[in-house]
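Quick notes on the structure that follows.
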Amino acid sequence: MKIASFNANSVRARMPVILRWLDINRPDVLCIQETKVVDAEFPSGEFESVGYNSVFRGEKSYNGVAVLSLHDIKKVSYGFDGAGLDEGSRLIAVKIGKLDIVNTYVPQGTSPDSPKFKYKLEWFGRLRDFFSGKYKKSGLLIWTGDFNVAPDPMDVHNPKALFGHVGFHPDEHRALAAVRDWGFVDIFRKHKPGPGQYSFWDYRVKDSVARGLGWRVDHIWGTKAAAEKSTDSWIDGDPRLWEKPSDHTPVVAEFEI
DNA sequence: ATGGTAGCAAGGCTA
């Protein structure tokens, strides 16, 4: 089973990139964030025509999450409450085969002095409660998506300069670690322990990709049982270099399931 | 990288 996560920064603007990447890689599951589209306009027909089922929850202009799969997508729920009345467009949970999969677009936080930053920290707390209330630590659970946090100094290109910035702030590290300590393993890091591996390069930084000015904020984590089933994980930097790219690129993990 | 680019949607917000 090959599972991938991609912050598309608009699913409609990114259709050529997504379809090209699906054609090359044929993942069993693709989790998408920042779809930026209401459900009525989600391009499910285009995905279906290339073999992918899809479930999704979005809103106008902002946020939005989706899961595409070659297989049946079961036990679909939206947001922390399951119905999507609260945070429906940032969290979608599914079951595909033996794997429970939770796809999140964590609030970005804007800046540490913003109310949105506090909201981001609280969001991680609600997410931990969501996991502890709905899943077993011993189960086969994957948490993936844009976490909007680089967990470790090696996950940013300049940890000294960026320390304390949104995305690499000690309060975020504590909040993320509290979710991790419920029972998650960083599956990418299990397979690729070295530095310099990024999933996001800011559009606003000139030649950010060529100059290596990236961040690793997109993740595939799993319970111990899921991590033990993983056989490899990598970041595919190619789509960030294609025409009309997202500012993120896909992260992938394979499982012997 | 305190400036810059991209997306949505039609001006300003979000990232």
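So you know, we letter chains A, B, ... as the sequences are listed, proteins then strands, and number each from 1. FYI, side chains are in, hydrogens and waters are out, and symmetry mates aren't considered; it's all heavy atoms of this structure.
- A:Leu213 places its CG atom 17 Å from the P atom of B:dG3, with the value rounded to the nearest Å.
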When the side chains of residues 63-74 of chain A are checked against the rest of the protein, which donor-acceptor pairs come out under 3.5 Å, sequence neighbours left out?
from    : atom 1 : to      : atom 2 : distance (Å)
A:Asn63 : OD1    : A:Arg90 : NH2    : 3.3
A:Asn63 : ND2    : A:Glu59 : OE2    : 3.3
A:Ser69 : OG     : A:Asp28 : O      : 2.8
A:Ser69 : OG     : A:His71 : N      : 3.0
A:His71 : NE2    : A:Asp28 : OD1    : 2.6

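- Remark: A:Thr110 is in phosphate contact with B:dA15, judged by side-chain N or O atoms under 4.0 Å from OP1 or OP2.
- Spacing between atom NZ of A:Lys36 and atom C1' of B:dG7 amounts to 4 Å, rounded to whole angstrom units.
- Between B:dA9 and B:dC13, the two P atoms lie 16 Å apart (nearest whole Å).
- Rounded to a whole Å, the CG atom of A:Asn158 is 11 Å from the P atom of B:dT2.
- Between the side chain of A:Thr223 and the backbone N or O of A:Leu141 there is at least one donor-acceptor pair closer than 3.5 Å.
- One atom, CZ of A:Phe42, and another, P of B:dC8, lie 13 Å apart when rounded to the nearest Å.
- One finds no side-chain N or O of A:Arg14 lying less than 4.0 angstrom from the OP1 or OP2 phosphate oxygen of B:dC8.
- Between the CZ atom of A:Arg204 and the P atom of B:dG4 there is a distance of 11 Å, rounded to whole Å.
- For A:Lys60 and B:dC13, the NZ to P distance is 15 Å, given to the nearest whole Å.
- Using modelled atom types, one side-chain atom of A:Lys120 and one backbone atom of A:Gln108 make a donor-acceptor pair closer than 3.5 Å.
- For the atom pair NZ (A:Lys118) and CD (A:Glu122), the distance works out to 4.5 Å, reported to the nearest 0.5 Å.
- Following rounding to the nearest Å, A:His165 (NE2) and B:dG3 (P) show an atom-to-atom distance of 13 Å.
- With hydrogens and angles left out, the side chain of A:Tyr62 and the base of B:dC8 share no donor-acceptor pair within 3.5 Å.
- For the pair A:Phe200 CZ and B:dA6 C1', the interatomic distance rounds to 11 Å; values are reported in whole Å.
- Heavy-atom distances to DNA chain B give each of A:Asp247 and A:Ala13 a nearest nucleotide, and the one nearer the 5′ end belongs to A:Ala13.
- The phosphate of B:dT14 has OP1 or OP2 within less than 4.0 Å of a side-chain N or O from A:Lys116.
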